[in-house]
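Just below is one structure, and these are the notes that go with it.
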Amino acid sequence: MPMHRLLWQSSEQVCQRQRFRNVPDLASLLLTTTNVPQDQQRVVRHFRHSTEKDPTAKLPFTAIRSRKNTSSEEFLLGGRQMTAVPVAMSLTASFMSGITVIGTPAEAYRYGTAFWLFVFSYAIMSIFSAEVFVPLFYRLGITSTYEYLEMRYNKVIRVIGTSMYITQTALYTGMVIYAPALALNQITGLDLWGVLVATGVVCIIYCTLGGLKAVIWTDVFQMVIMLVGFVAVIARGAVLQGGLGNIWKDAGDGGRLETFDFNPDPLQRHTFWTIVVGGSLMWTSIYSINQSQVQRYISCRTMTQAKLSLYVNMVGLWVTVSLAMLSGLTMYSIYKDCDPLTRGDVGNMDQLLPYLVMDILAEFPGIPGLFVAAAYSGTLSTVSSSINALVAVTVEDFVKPFLPNMSDRHASWMNMGLSVFFGGVCIGMAAVASLMGSILQAALSIFGMISGPLLGLYLLGMFFRCANSTGGLSGLISGLVITLWVGIGAQIYPPGPDKTNPLPLTTAGCIVDTNFTTMSPWTTTMDLTTPVPRPPLADSWYSLSYLYFCPLGTIITIMVGLVVSLATGGCKREKLRPELFIGKRDLICFGCNRHSTETSELTEKVHPDGKQGIDNPEFSDIELEKKEKDMDTITRF
């Protein structure tokens, strides 16, 4: 049988028959033969490149058996075989959670459409993440984003970074579980803690059994349900108010459409500058270094697919935030003359949208349930992604260093056990979330306080060769202390109305209804009249816009890190790998200089006999440009 035909047989049989040590050895031999048909040469060549980094890889057609693969990489990264569209929808759904479904419409109702300016932040974040961080992570072939911290600095900084991420994610996930529980409590009166536990258990089950593939594909379905929920609210509101034009007119009359405020004051809660500058850095910290997001796009089969997933995700974020804003304006049009918050029908802002659903959709069987499903869709997607990411960083940063020879079977059991553990922790954190006020602002504040210094640490290591581990650690601690100081202070002493600029509401048009009551046993009524003693810093330092927490932490980390690094001799005595840094070629826009970049990916070391790989003269007249369709052909065999 001709040697090249052996490629399409079982890799185990071929390796055993020819006594090859692994599959790349087989591919190397095939590339040096002269009787391989030209239509198969490119496939063989690209397959060899894809297997060089994984000597234990199987031949392409064996991917049909991946459903039985229980390896750690399959569980945590989906076997690195995902495509752009499902990953993009999962990226959108993971942080467009129940907090978005419930919190964003309430934001538009109370403060107007300034929050819509985040569409600019999403665009900046997507470009920076795709063109700077994706090439870096693919080049290094990492599973945990915090592996980079050990490569660039040392093990101590990696452990600190991982611990910060675990703390942040646990707190955020608690809020995500708490948000839809409020909605279900508002609509049905079910016990809040029973709902919280049930939500956590469902996420634990399918995240434990399915790994990242289960998370991504359920996110796709949940994203659709979430958007349908917004559309149902908008459609019914448009019918009641006589069309979207009347909704828009009511919002304009109520001052809800004054989106662009160019006031440079950093103490103002939402302005063009706080959202575009502060919001861009904050979302960059979420999508560039947060394991929950990075784990998704590095699961793509190629770097091009990973970049594309981020750009498709950007469009998904635009659609989601626009529908959420329009839902809030619909709610204002309906309640412009009878505010249920001022009237006391709801306990806080986060119950406004569930209240609206019961008010205008209760007569349609199943529609309130659709809204609850929308809120829970966002929650399930976020909680599942958080649990999966927590497992990934724990295994990579805490388990593998102590158990380096752990088998795939034991690693799979470890992954499942940790999924159950972190699910329980996140359920417990929901109790903390109930004490933090508006869930939307509280969630973004947590990201700013913790992710800001971490982003500064990454940027310090990526762009400044003089930075060393002493400077990095000093900068990280300094940035974290400052952001926690201002963030916790702002939580204890919230900024006044002159900084947050809430828009006026009225109850002048309310009609007393003695037959309708709203249950809110687990919430407290907002008290806007009781004065609270405030320290001198409350109206200055503690009133800093929460969107500036991240830039503040990033800048302080970089500045302190540079100063301390230079004072301690920089990294002159350390020999660092050049691929740990961002070069000029990494900063070129998507699609630019593509040919030279991909050609460099095909460059190989020439074998001593001069006839191996793409340097084999037999293949000198064959087109060597790497095409995406060729890689897709491999995975379909």
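The basis for the numbers below is simple: all heavy atoms, side chains too, and nothing from hydrogens, waters or symmetry mates.
- In this structure, CD1 in I124 is found 11.0 Å from CE in M314, a value given to the nearest 0.5 Å.
- The backbone N or O of M125 sits nowhere less than 3.5 Å from a side-chain atom of S280 that would complete a donor-acceptor pair.
- In this structure E147 satisfies the salt bridge (Lys or Arg N to Asp or Glu O under 4.0 Å) test with no other residue, sequence neighbours excluded.
- Take R158 and apply the salt bridge (Lys or Arg N to Asp or Glu O under 4.0 Å) test, not counting sequence neighbours, and it matches E150, D397.
- Residues passing the side chain to side chain contact (heavy atoms under 4.5 Å, CB included) test with P495, sequence neighbours excluded: K499, T500, S543.
- Under the side chain to side chain donor-acceptor pair (under 3.5 Å) criterion, S407 pairs with H410, not counting sequence neighbours.
- I142 contributes atom CD1, which lies 4.5 Å from atom CZ of F137 (distance to the nearest 0.5 angstrom).
- S163 is linked by a side chain to side chain donor-acceptor pair (under 3.5 Å) to nothing, counting only residues two or more places apart in sequence or in another chain.
- Scanning for ring-ring contact (aromatic ring centres under 6.0 Å, His included) contacts around W541 gives W485, with sequence neighbours left out.
- The backbone N or O of I166 sits nowhere less than 3.5 Å from a side-chain atom of T169 that would complete a donor-acceptor pair.
- Annotation: side chain to side chain donor-acceptor pair (under 3.5 Å) contacts of T554 (sequence neighbours excluded): none.
- Exactly one residue among I289, I558, L480, I157 makes a side chain to side chain contact (heavy atoms under 4.5 Å, CB included) with L457. That residue is I157.
- Side chain of S469 to backbone of Y153: no donor-acceptor contact under 3.5 angstrom is found.
- Between the CG atom of L473 and the OG1 atom of T557 there is a distance of 11.0 Å, given to the nearest 0.5 Å.
- In terms of the side chain to side chain contact (heavy atoms under 4.5 Å, CB included) criterion, residue partners of V156 (sequence neighbours excluded) are, by chain and number, N154, I160.
- The structure places CD of Q168 at 7.5 Å from CD1 of I286, a figure rounded to the nearest 0.5 Å.
- Counting non-hydrogen atoms of other residues, nucleotides and ligands closer than 6.0 Å to CE of M164 gives a total above 12.
- Atom CD1 in I298 sits 8.0 Å away from atom OG1 in T145 (nearest 0.5 Å).
- Checking side-chain atoms of W283 against main-chain N and O of Y122 turns up no donor-acceptor pair under 3.5 Å.
- Under the rule for a ring-ring contact (aromatic ring centres under 6.0 Å, His included), the partners of Y458 that lie at least two apart in sequence or sit in another chain are Y148.
- When E107, R269, H270, Q491 are each tested for a side-chain hydrogen bond (donor to acceptor under 3.5 Å, both in side chains) with Q441, only one passes: R269.
- For the ring-ring contact (aromatic ring centres under 6.0 Å, His included) test, residues two or more places apart in sequence or in another chain that qualify with Y165 are Y146.
- Put simply, the side chain of N313 never gets that close to the backbone of S309: no donor and acceptor are under 3.5 Å apart.
- Applying the side chain to side chain donor-acceptor pair (under 3.5 Å) criterion to T173, with sequence neighbours excluded, gives S386.
- Checked against ring-ring contact (aromatic ring centres under 6.0 Å, His included), F422 has no partners two or more places apart in sequence or in another chain.
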